[in-house]
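In what follows, chains are A, B, ... by sequence order, proteins preceding strands, each numbered from 1. Scope of the values below: all heavy atoms of this structure, side chains included, with no hydrogens, waters or symmetry mates. Here the structure is a predicted model, which is why all the values come from computation and not from measurement.
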Amino acid sequence: MYLTSDPLELATLVGQVQSASRGAIACFLGTVRDHNGGRAVLQLDYSAYEPMAEAECARIQVEAERRWECAVALQHRTGTVRVGEAAVVVAAASAHRDEAFAACRFVIEEIKRRVPIWKREVFVDGTMEWVEGGSPGQMGSGLEGQQNSGTAGKLDGESSDLITGKSDATRA
Amino acid sequence: MYLTSDPLELATLVGQVQSASRGAIACFLGTVRDHNGGRAVLQLDYSAYEPMAEAECARIQVEAERRWECAVALQHRTGTVRVGEAAVVVAAASAHRDEAFAACRFVIEEIKRRVPIWKREVFVDGTMEWVEGGSPGQMGSGLEGQQNSGTAGKLDGESSDLITGKSDATRA
Amino acid sequence: MLPSAPTSTLTVRVLLFASYAELLGRDAIELELEAPATVGDVLDHLRSLTRAEALPTRPMCAVNLVQAATDDLLAQGDEVAILPPLSGG
Amino acid sequence: MLPSAPTSTLTVRVLLFASYAELLGRDAIELELEAPATVGDVLDHLRSLTRAEALPTRPMCAVNLVQAATDDLLAQGDEVAILPPLSGG
């Protein structure tokens with residue numbers, strides 16, 4: 001399972017990729033930031049199209065492990081993730097650090113680009129905003145992602161909790 | 001203390017750099033591989049010019065934190081490090097993942113290039129070799145590193161435990 | 001749909017996520033469409049349920065977990081997912 | 001050293017590491033040198049203790065924790081470290 005509602009443990013992923021023949025392990029954690037666009041963030045709520053997200057994560061892992069000589073592990077949180085907690089974790093182990101870094105970077109970029117997951121920022125003042133500013137990706141089918149406006153889902157300009165902008169508390 | 005004879009804990013370093021304003025954390029672990037050049041490795045023995053190594057690690061941290069908007073932590077083992085254990089750990093946290101990856105990569109490269117630490121491979125068959133194949137670095141004084149032969153320290157061709165080559169069980 | 005299309009129908013399950021689910025007040029809709037039907041027909045139907053401009057012209061869509069184009073034909077029982085711009089990570 | 005050099009002496013502490021320590025059978029040596037003395041004079045002395053070719057022509061050296069060149073002058077009490085090619089990480 002690549003998606004989980006439980007807290008992410010970097011050490012668990014490192015343990016999954018580590019082996020005595022792979023001496024270089026590159027990791028990435030994306031954690032929830034406390035501020036975005038000057039507003040105090042309380043938490044992020046993640047939702048996903050789970051079966052497709054699982055399939056896409058599996059494809060990303062396979063692609064990384066084929067492209068570089070490495071072992072890859074990745075996990076993404078669903079549900080509520082509080083400030084400071086990790087929303088996504090990646091670990092890539094290889095015999096060489098060039099490969100480990102390249103695979104790790106590839107995986108986090110592809111997660112953001114291709115995996116059908118969405119987050120809503122919940123601010124300390126009680127307001128909420130769906131984050132939909134990311135550029136749409138090309139998923140496993142090989143079809144080009146459709147260009148979506150950054151304000152898709154906006155309801156007549158008055159529902160501020162639906163307005164989607166370029167803000168993103170985990171845009172790290 | 002950047003040097004320690006205790007096992008390295010990635011989570012500890014992540015905790016040191018993590019903050020609610022820095023959502024991207026890139027990490028690197030270099031662990032001891034079980035084979036090098038076809039020979040079974042038992043452990044690596046690390047020695048260091050400790051006061052200079054501490055000073056050099058501090059300079060690397062400061063340089064990374066000045067060059068990128070980030071917080072950096074690094075530690076290197078001394079003494080005996082067994083196969084599968086981490087010899088070096090780096091964590092870099094930033095608001096953005098470009099910076100976190102760049103700082104993390106910089107730090108591990110500079111550790112290898114500049115910090116006066118040496119390792120001796122101890123093979124399962126009981127033989128030992130100093131690893132001195134790395135290119136010499138330019139240290140904090142700003143002076144150019146002197147070019148050293150890969151066989152410095154070789155004693156008249158007969159002391160195989162002194163022969164230094166390009167082999168390196170942690171060359172990851 | 002062409003006027004000469006056969007009058008047989010097909011049923012698809014439409015999944016909505018994130019802001020689209022909120023926009024339409026639900027996260028799944030069973031739709032009966034006249035065959036032949038495309039992803040675009042599903043989108044037209046959704047637009048009739050809300051303000052037409054609330055959905056982008058060509059939102060990202062998937063049929064049975066695989067990304068699909070607006071003019072892809074649908075079959076009985078297909079799962080059609082309408083995906084807002086992704087924001088994982 | 002020039003024949004006209006003053007006959008005063010200075011003492012430095014020489015540190016040896018890794019293969020160099022093994023080569024010379026010790027990891028520190030107190031050396032008394034005629035002033036003025038350079039890092040190169042320390043290296044010449046070390047070469048007299050072992051096979052001259054066992055040390056590279058210009059090994060990496062540090063004086064008081066800062067990297068130094070072969071012709072850098074030494075002062076009384078300096079710590080001179082002779083560093084084999086680094087292999088940390």
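- Between the side chain of B/Glu54 and the backbone N or O of B/Leu3 there is at least one donor-acceptor pair closer than 3.5 Å.
- Of the possible polar contacts, one joining the B/Arg77 side chain to the B/Asp6 backbone as a donor-acceptor pair under 3.5 Å is found.
- Residues of residues 7-21 of chain B having a heavy atom under 4.5 Å from any heavy atom of chain A, listed by number: B/Leu10, B/Val14, B/Gln18, B/Ala20, B/Ser21.
- Judged by distance alone, the side chain of B/Glu110 and the main-chain N or O of B/Val115 form no donor-acceptor pair under 3.5 Å.
- Identified by a heavy-atom distance below 4.5 Å to chain A, the contributing residues of residues 99-108 of chain B are B/Phe101, B/Cys104, B/Arg105, B/Ile108, in residue-number order.
- Checked by atom type and distance alone, the side chain of B/Gln61 pairs as donor or acceptor with a backbone atom of B/Val72 at under 3.5 Å.
- A/Ser94 places no side-chain N or O within donor-acceptor distance of the main-chain N or O of A/Ala24, the cut-off being under 3.5 Å.
- Rounded to the nearest 0.5 angstrom, B/Arg22 CZ and A/Asp34 CG are separated by 10.5 Å.
- With B/His76 as reference, B/Tyr46 is the one residue of B/Phe28, B/Tyr46, B/Trp118, B/Tyr2 to meet the ring-ring contact (aromatic ring centres under 6.0 Å, His included) rule.
- Closest heavy-atom contact between A/Ala86 and A/Val81: O-CG1, 3.8 Å.
- Across all their heavy atoms, A/Cys70 and A/Glu65 have their closest contact at O-CG, 3.5 Å.
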